[in-house]
Amino acid sequence: MTEVISHHRTRTADAALRQRARAVIPGGMYGHLSANALPAEYPQFYQRSEGAHVWDVDGNEYVDLMCSFGPVILGHKHPKVEKAVAAQLAEGDTQAGPAACMVEAAELLVDRVAHADWAMFAKNGTDATTTCLMVARAATSRNKVLAAAGAYHGSAPWCTLRLDGVTPEDRANMAYYTFNDIASVERAVQVADGDVAAIIVSPFKHDAGFDQEMVDPEFARRLRLLCDRIGAVLIMDEVRAGFRLNDGGSWEPIGVAPDLSAWSKAIGNGYPLAAVLGTESLSDAASRIFVTGSFWFQAVPMAASIATITAIRDEGAVPAMERIGTKLRAGIERQALEAGLTVFQTGPVQMPGLRFADDENFARARAFCASVVEHGVIVHPRHNWFVSAAHTDQDIDSVLDATWQGFQAVISQFGAS
Ligand code: PMP
């Protein structure tokens with residue numbers, strides 16, 4: 001292990017941009033990148049990115065373990081994706097209508113994801129989850145949607161994290177169950193009294209600020225049976241986990257198929273694209289709803305998506321992320337033991353979750369992340385991290401040097417646990 005070193009990173013350009021932003025952007029920044037959502041030491045503005053590395057506006061280099069909160073699955077500027085992007089950009093992007101690659105992207109997704117017979121495209125994960133709800137309601141002529149309490153499905157009024165700007169009516173048709181607890185779903189179904197259009201679920205529980213929890217296959221199977229029994233649509237929110245656990249649908253290995261799935265993030269390796277995939281029986285309802293967007297037919301992200309999804313399988317991205325994620329998890333476990341700190345690592349190794357014992361208000365996590373960022377690795381104190389297929393053994397060695405410093409910072413502020 002390396003000794004504790006302190007190398008202070010210059011943040012003058014970032015500080016100047018933050019100050020200018022405060023004058024012209026509400027709160028200086030909003031959502032999950034707002035100043036109060038990030039540790040103070042976290043750079044807010046970035047200059048460039050390459051492979052598993054990013055550089056902030058002050059020129060500081062980092063190993064990127066957030067992958068832009070998921071989209072960057074093959075690494076920044078993956079050559080095959082960039083080649084496809086350049087070729088499509090030379091032809092056109094936002095045109096009078098979509099390019100031929102829209103059909104090719106739909107064919108590829110339908111080929112890769114077992115439950116899917118059709119695809120529709122949009123921009124963000126919220127577009128995709130919201131469209132799924134509309135398709136389910138159009139298909140069933142029912143109103144209510146059951147979601148796991150605390151799960152994030154986007155920032156539209158039906159699902160956004162905070163209630164500011166949201167009316168009770170926006171949530172009137174939402175009801176909640178507990179992830180992995182089928183009895184709680186049954187209870188919510190009973191209360192909904194025959195009016196359940198859909199049940200939405202994530203591949204595993206990845207709520208920010210909580211331990212992650214893999215799905216109990218029995219829960220998944222019973223959820224499927226329950227939806228069939230009551231005639232509700234099973235919606236899988238693949239936005240965050242999609243293509244990191246499996247190069248098809250995330251529940252394919254356990255043999256449970258949703259009726260609809262919402263995708264975004266990793267499907268374009270950073271280029272803006274979302275997709276709704278569905279079974280044949282919902283194709284008519286999907287063609288009846290009116291959803292669109294000025295940029296939903298952009299050709300460049302679709303070309304990027306074809307190259308990304310192809311490379312995910314051809315280059316073995318999932319096993320690569322599993323291997324490197326396992327190395328990271330084992331290294332952190334060794335370090336925590338050596339440092340005498342109790343930590344809990346949860347969720348799939350490709351999407352690491354780390355929590356400190358007795359960590360009220362995430363004080364230890366914040367101190368840890370501040371130090372890790374200071375030592376050249378982008379991580380987050382409350383949100384899961386993301387491994388990409390571009391992380392090398394050397395990158396993980398650098399990450400482990402930084403996490404060791406992070407553990408020392410926790411001990412010096414809070415003592416060993
Ligand atoms: N669902 C899940 C599971 C997500 O993680 C996210 C984004 N973090 C969304 C939906 C919303 O996606 P977007 O931010 O692209 O609208």
Side-chain angles (χ1 to χ4, degrees), residues 106 109-110 113-122 125-149 151-154 156-159 170-182 184-204 215 217 219-242 248-252 254-264 274-291:
L109 283 163
V110 165
V113 178
H115 86 88
D117 296 314
W118 52 263
M120 290 166 80
F121 294 99
T126 309
D127 302 334
T129 54
T130 304
T131 299
C132 285
L133 266 54
M134 290 174 71
V135 172
R137 286 171 170 148
T140 59
S141 302
R142 298 179 188 167
N143 299 300
K144 303 244 183 283
V145 174
L146 312 189
Y152 187 67
H153 296 298
W158 68 268
C159 56
D170 290 323
R171 300 285 168 102
N173 285 311
M174 295 303 298
Y176 303 95
Y177 63 88
T178 304
F179 190 84
N180 268 344
D181 177 358
I182 198 72
S184 73
V185 188
E186 294 274 7
R187 281 195 297 276
V189 164
Q190 252 180 2
V191 173
D193 199 20
D195 197 23
V196 180
I199 301 179
I200 185 166
V201 66
S202 310
F204 67 98
V215 71
F219 171 76
R221 282 189 282 274
R222 290 179 67 180
L223 202 57
R224 176 69 272 175
L225 290 173
L226 176 55
C227 284
D228 292 342
R229 194 185 83 219
I230 65 171
V233 173
L234 182 58
I235 302 171
M236 171 69 69
D237 181 350
E238 294 269 19
V239 171
R240 194 179 313 173
S250 293
W251 279 6
E252 285 171 27
I254 59 172
V256 177
D259 303 299
L260 288 173
S261 53
W263 301 71
S264 187
V276 172
L277 307 183
T279 52
E280 184 53 40
S281 62
L282 293 170
S283 160
D284 173 62
S287 66
R288 281 187 284 117
I289 62 165
F290 185 81
V291 285

Hey, are the side chains of Y176 and R171 touching, using non-hydrogen atoms and a 4.5 Å cut-off? yes
Any donor-acceptor pair under 3.5 Å from T126 side chain to G154 backbone: no
Residue pair L282 / A139: nearest heavy atoms and the distance that separates them: CD2-CB, 3.4 Å
Do the non-hydrogen side-chain atoms of P203 and R240 ever get within less than 4.5 Å of each other? no
Do D259 and I235 come within less than 4.5 Å of each other through their side chains, counting heavy atoms only? no
Knowing that exactly one of T130, T129, D170 qualifies, which makes a side chain to side chain donor-acceptor pair (under 3.5 Å) with W158? T130
Where do F121 and V276 land on the side-chain contact (heavy atoms from CB on, under 4.5 Å) test, with the steps shown first? CA-CA 6 Å; F121 294 99; V276 172; over 6 Å; no
Kindly indicate whether the side chain of R142, heavy atoms from C-beta on, has any atom under 4.5 Å from the side chain of V233. no
Backbone N/O of C159 and side chain of H153: donor-acceptor pair under 3.5 Å: no
Minimum side-chain heavy-atom gap W263-V113 below 4.5 Å: yes
Given 3.5 Å as the limit, does a donor-acceptor pair link the side chain of D117 with the main chain of E280, or not? yes
From CE (M134) to CZ (R137), nearest 0.5 Å: 9.5 Å
Are any side-chain N or O atoms of D195 and backbone N or O atoms of N143, one a donor and one an acceptor, separated by less than 3.5 Å? yes
Please round to the nearest 0.5 Å and tell me the distance separating atom CD1 of I289 and atom OG1 of T131. 5.5 Å
Do you know the tightest heavy-atom contact between T140 and A197? OG1-CB, 3.4 Å
Any heavy-atom pair between the side chains of L260 and L277 that's under 4.5 Å? no
Between W118 (side chain) and T279 (backbone), is there a donor-acceptor pair under 3.5 Å? yes
Begin from the C-alpha positions of I200 and V145 and carry the test side-chain contact (heavy atoms from CB on, under 4.5 Å) through to its verdict. CA-CA 7 Å; I200 185 166; V145 174; 4.1 Å; yes
Does E238 use its side chain to pair, donor to acceptor, with the backbone of G249 at less than 3.5 Å? no
Are V201 and F179 packed together at the side-chain level, in the sense that at least one heavy-atom pair is separated by less than 4.5 angstrom? yes
L226 side, atom CG; F219 side, atom CZ - distance, nearest 0.5 Å: 9.0 Å
Side-chain heavy-atom pair L234, L223 within 4.5 angstrom cut-off: yes
dist I182:CD1 -> R187:CZ (nearest 0.5 Å) comes out at 11.0 Å
Calculate, to the nearest 0.5 Å, the distance between atoms CE and NE2 belonging to M236 and H115 respectively. 8.0 Å
Please check: side-chain N/O of R221 versus main-chain N/O of V256, any donor-acceptor pairing under 3.5 Å? no
Tell me the closest heavy-atom pair linking A128 and A275, and the distance in Å. CB-O, 3.7 Å
Tightest non-hydrogen contact, residues S250 and G242, listed as OG-CA, 4.4 Å
Salt bridge or not between R222 and E186? Use side-chain N to carboxylate O under 4.0 Å. no
Residues R288 and A138: closest non-hydrogen pair is NH2-O, 3.3 Å
Nearest heavy atoms of A172 and K144, plus distance in Å: O-NZ, 3.8 Å
